[in-house]
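We're numbering straight along the sequence, starting at 1.
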Amino acid sequence: MSFRTVVISKTAKLDFSLGYLVVRDVESTVKVHLSEISVLLIENPAVSVTAALLDELIAKKTAVIFCDAKRNPYAQLLPLYGAHNASLKLKQQINWSGAAKQLVWTAIVREKILRQAAVLKHRGDRKHEMLLAYAADIRPGDVTNREGHAAKVYFNALFGMAFSREAECPENAMLNYGYSLLLSCVNREIAACGYSTQLGLFHDNMFNAFNLGSDLMEPLRPLVDNEVCNAAPVRFDKAEKQRLLQLLNREVTIDAAKNTLLNAVKLYCKSVFAAIEERDISRIRFPEYEL
């Protein structure tokens with residue numbers, strides 16, 4: 001079972017040899033067996049990667065994330081056919097009924113708001129009671145936008161009344177980085193199950209290649225939010241990135257069993273697809289985590 005998050009920060013050449021990722025730079029050569037790697041994060045645009053290695057990483061369903069010149073996640077490597085029956089899965093996805101998608105989306109939004117409320121309660125903020133009321137008041141498809149109302153209360157409670165998600169600040173930089181990591185892990189599981197990341201339940205942006213990933217990651221966001229709030233960053237640098245990367249190996253509970261967040265995401269995504277196909281939200285297994 002893969003468990004490592006490998007980060008390449010220096011200028012280096014990455015290639016494949018006898019089952020290993022081989023990292024060569026001017027100082028040393030390091031090898032890591034591909035079976036151990038869950039996420040490969042390439043931070044430096046000066047890194048070169050062989051096609052043979054990319055082919056093996058795709059076969060292993062490793063999440064490969066490329067960063068831009070500012071070392072922020074920019075792109076992801078995903079297979080065109082992540083499962084042997086990808087064509088069948090895509091046909092099923094296209095034919096998902098509006099009622100089934102609405103049912104599952106409502107459950108996802110409710111869970112997200114409940115997790116946000118848990119973050120505020122953990123931090124001793126009485127506004128968590130307002131979020132619990134929003135969660136209880138959600139209607140099918142969240143037609144009254146309880147998610148949006150909850151988000152405004154939630155982020156102002158965490159980061160202050162002047163905070164805006166559009167502002168350029170260390171908090172937003174750290175949030176965006178953490179969300180990008182979560183999205184990449186969710187996208188990997190969507191592709192591995194044979195579905196398209198583009199066809200969402202609620203998100204339907206023609207410019208977003210990851211609409212379904214954006215849907216499914218929603219209940220996981222508060223884990224990043226709480227970590228950013230704990231960090232109280234005055235700048236966004238290597239230490240803050242490492243702190244977020246460590247979240248991927250955080251121990252969580254799913255289906256009454258302990259697991260890493262990375263492995264729990266796999267079980268969670270599969271449970272969502274089962275819930276849609278069977279129109280039964282009781283099939284959904286959300287990862288549970290301590291703050």
- Taking all heavy atoms of Ala100 and all of Ser97, pick out the closest pair and write down the distance. N-OG, 3.0 Å
- One should read off an interatomic distance between Lys89 NZ and Lys91 NZ, to the nearest 0.5 angstrom, of 13.5 Å
- Item | Asp137 atom CG, neighbour heavy-atom count above 12 within 6.0 Å | yes
- Quick one: do Leu54 and Val6 end up in the same hydrophobic cluster if we chain Ile, Leu, Val, Met, Phe, Trp and Tyr together by side-chain heavy atoms under 4.5 Å apart? yes
Side-chain polar contacts of residues 23-34 - donor-acceptor pairs under 3.5 angstrom, sequence neighbours left out - could you list them?
residue, atom, partner, partner atom, Å
Arg24, NH1, Asp15, OD1, 3.0
Arg24, NH1, Asp15, OD2, 2.4
Asp25, OD1, Glu27, N, 2.8
Asp25, OD1, Ser28, N, 2.7
Glu27, OE1, Lys10, NZ, 3.3
His33, ND1, Ser35, N, 3.2
His33, ND1, Ser35, OG, 2.8

- What is the distance from atom CG of Asn85 to atom CD of Gln92, rounded to the nearest 0.5 Å? 7.5 Å
- May I ask you to decide if Ala239's main-chain N or O and Asp237's side chain share a donor-acceptor pair within less than 3.5 Å? no
- Is there a side-chain contact between Arg110 and Thr106 (heavy atoms, below 4.5 Å)? yes
- Query: If every non-hydrogen atom of Leu40 is compared with every non-hydrogen atom of Leu14, which pair is closest and at what distance?
  - Reply: CD2-CD1, 4.4 Å
- Is the side chain of Asn172 donor-acceptor paired with the backbone N or O of Ser164 at a distance under 3.5 Å, no angle test? yes
- Query: When clusters are formed by joining ILVMFWY residues with side-chain heavy atoms under 4.5 Å apart, either directly or through shared neighbours, do Leu114 and Tyr289 land in the same one?
  - Reply: no
- Do Leu90 and Leu78 sit in the same hydrophobic cluster, where Ile, Leu, Val, Met, Phe, Trp and Tyr count as joined when their side-chain heavy atoms come under 4.5 Å apart? no
- Item | Side chain Thr62, main chain Ser38, donor-acceptor under 3.5 Å | no
- Message: Applying side-chain contact (heavy atoms from CB on, under 4.5 Å) to Met217 and Phe210, what does each step give before you reach the verdict?
- Response: CA-CA 11 Å; Met217 70 176 283; Phe210 308 123; over 6 Å; no
Result block: side-chain N/O donor-acceptor pairs under 3.5 angstrom for residues 224-232, not counting sequence neighbours:
residue, atom, partner, partner atom, Å
Asp225, OD1, Tyr179, OH, 2.4
Asp225, OD2, Tyr154, OH, 2.8
Asn226, OD1, Arg123, NH1, 3.0
Glu227, OE1, Arg250, NH2, 3.3
Glu227, OE2, Arg243, NE, 2.7
Asn230, OD1, Arg123, NH1, 2.9
Asn230, OD1, Arg123, NH2, 3.3
Asn230, ND2, Asn226, O, 3.4

- Message: Could you check whether any side-chain N or O of Asn156 sits under 3.5 Å from a backbone N or O of Lys152, counting only pairs where one atom can act as donor and the other as acceptor?
- Response: yes
Kindly list each side-chain donor-acceptor pair under 3.5 angstrom involving residues 64-71, sequence neighbours excluded, with atom names and distances?
residue, atom, partner, partner atom, Å
Asp68, OD1, Lys70, N, 2.9
Asp68, OD1, Arg71, N, 3.1
Asp68, OD1, Asn72, N, 3.0
Arg71, NH1, Ser9, O, 3.1
Arg71, NH2, Ser9, O, 3.3

- Task: Mind checking the CG-SG spacing from Leu261 to Cys185? Nearest 0.5 Å is all I need.
- Result: 7.0 Å
Taking only distance into account, with no hydrogens and no angle test, what donor-acceptor pairs under 3.5 Å do side-chain atoms of residues 191-203 form with protein atoms, sequence neighbours excluded?
residue, atom, partner, partner atom, Å
Ser196, OG, Gln198, N, 3.1
Thr197, OG1, Ala209, O, 2.7
His203, ND1, Asp215, OD1, 2.5

- Heavy atoms from other residues, nucleotides or ligands near NZ of Lys101 exceed 12 (cutoff 6.0 Å): yes
- side-chain contact (heavy atoms from CB on, under 4.5 Å) between Arg146 and Val109: does it pass, once the steps are laid out? CA-CA 9 Å; Arg146 298 298 91 184; Val109 171; 5.7 Å; no
- Message: What's the separation between atom CD1 in Ile276 and atom OG in Ser271, rounded to the nearest 0.5 Å?
- Response: 9.5 Å
- Distance (rounded to the nearest 0.5 Å) between Asn263 CG and Glu189 CD: 8.5 Å
- Task: Would you check, one step at a time, whether the test side-chain contact (heavy atoms from CB on, under 4.5 Å) holds for Tyr268 with Asn259?
- Result: CA-CA 12 Å; Tyr268 161 61; Asn259 229 314; over 6 Å; no
- Considering residues, nucleotides and ligands other than Arg165, do more than 12 of their heavy atoms fall under 6.0 Å from its CZ? yes
- Query: Just by modelled atom types, is the Asp125 backbone N or O under 3.5 Å from a matching donor or acceptor in the His128 side chain?
  - Reply: yes
- Query: Can any side-chain N or O of Glu277 pair as donor or acceptor with the backbone N or O of Ala274 at less than 3.5 Å?
  - Reply: no
- With a cutoff of under 4.5 Å between side-chain heavy atoms, which Ile, Leu, Val, Met, Phe, Trp and Tyr residues group with Val234? none
- Least distance between heavy atoms, Pro219 atom then Glu111 atom: CB-CG, 4.0 Å
- Shortest non-hydrogen contact from Asn211 toward Asp204: OD1-N, 3.6 Å
- For Ile94, does the CD1 atom sit with more than 12 other heavy atoms under 6.0 Å from it, leaving out its own atoms? yes
- Is the backbone of Ser282 close enough, under 3.5 Å, to the side chain of Arg285 for a donor and an acceptor to pair up by distance? yes
- Item | Val119-Phe155 co-clustered via ILVMFWY side chain contacts under 4.5 Å | yes
- Task: Please work out which of the three classes, parallel, tilted or perpendicular, describes the rings of Phe159 and Phe163, given edges at 30° and 60°.
- Result: tilted
- Query: Rounded to the nearest 0.5 Å, how far does CG of Asn176 lie from CG of Leu181?
  - Reply: 11.0 Å
- Is the backbone N or O of Glu147 less than 3.5 Å from a side-chain atom of Asp142, with the two atoms forming a donor-acceptor pair by type? yes
- When you measure from the side chain of Asp255 to the backbone N and O of Ala257, does any donor-acceptor pair fall under 3.5 Å? no
- Task: Taking all heavy atoms of Gln102 and all of Pro140, pick out the closest pair and write down the distance.
- Result: OE1-CB, 3.6 Å
- Item | Short side-chain to backbone donor-acceptor contact, Asn145 and Gly148, under 3.5 Å | yes
- Message: According to a hydrophobic-cluster definition based on side-chain heavy atoms being under 4.5 Å apart (Ile, Leu, Val, Met, Phe, Trp, Tyr only), do Phe286 and Val265 belong together?
- Response: yes
- Ala150 meets the side chain to side chain contact (heavy atoms under 4.5 Å, CB included) criterion, sequence neighbours left out, with Ile113, Gln116, Leu131, Tyr134
- Message: Assess the residue pair Leu212 and Gln93 against the criterion (side-chain contact (heavy atoms from CB on, under 4.5 Å)); give the C-alpha distance rounded to whole Å, side-chain angles, the decisive distance to 0.1 Å, and a yes or no.
- Response: CA-CA 11 Å; Leu212 185 56; Gln93 185 176 3; 3.6 Å; yes
- Is the closest side-chain heavy-atom distance between Leu245 and Tyr177 below 4.5 Å? yes
- Note on the structure: Of all heavy-atom pairs linking Ile284 and Ala107, the shortest is CD1-CB, 4.2 Å
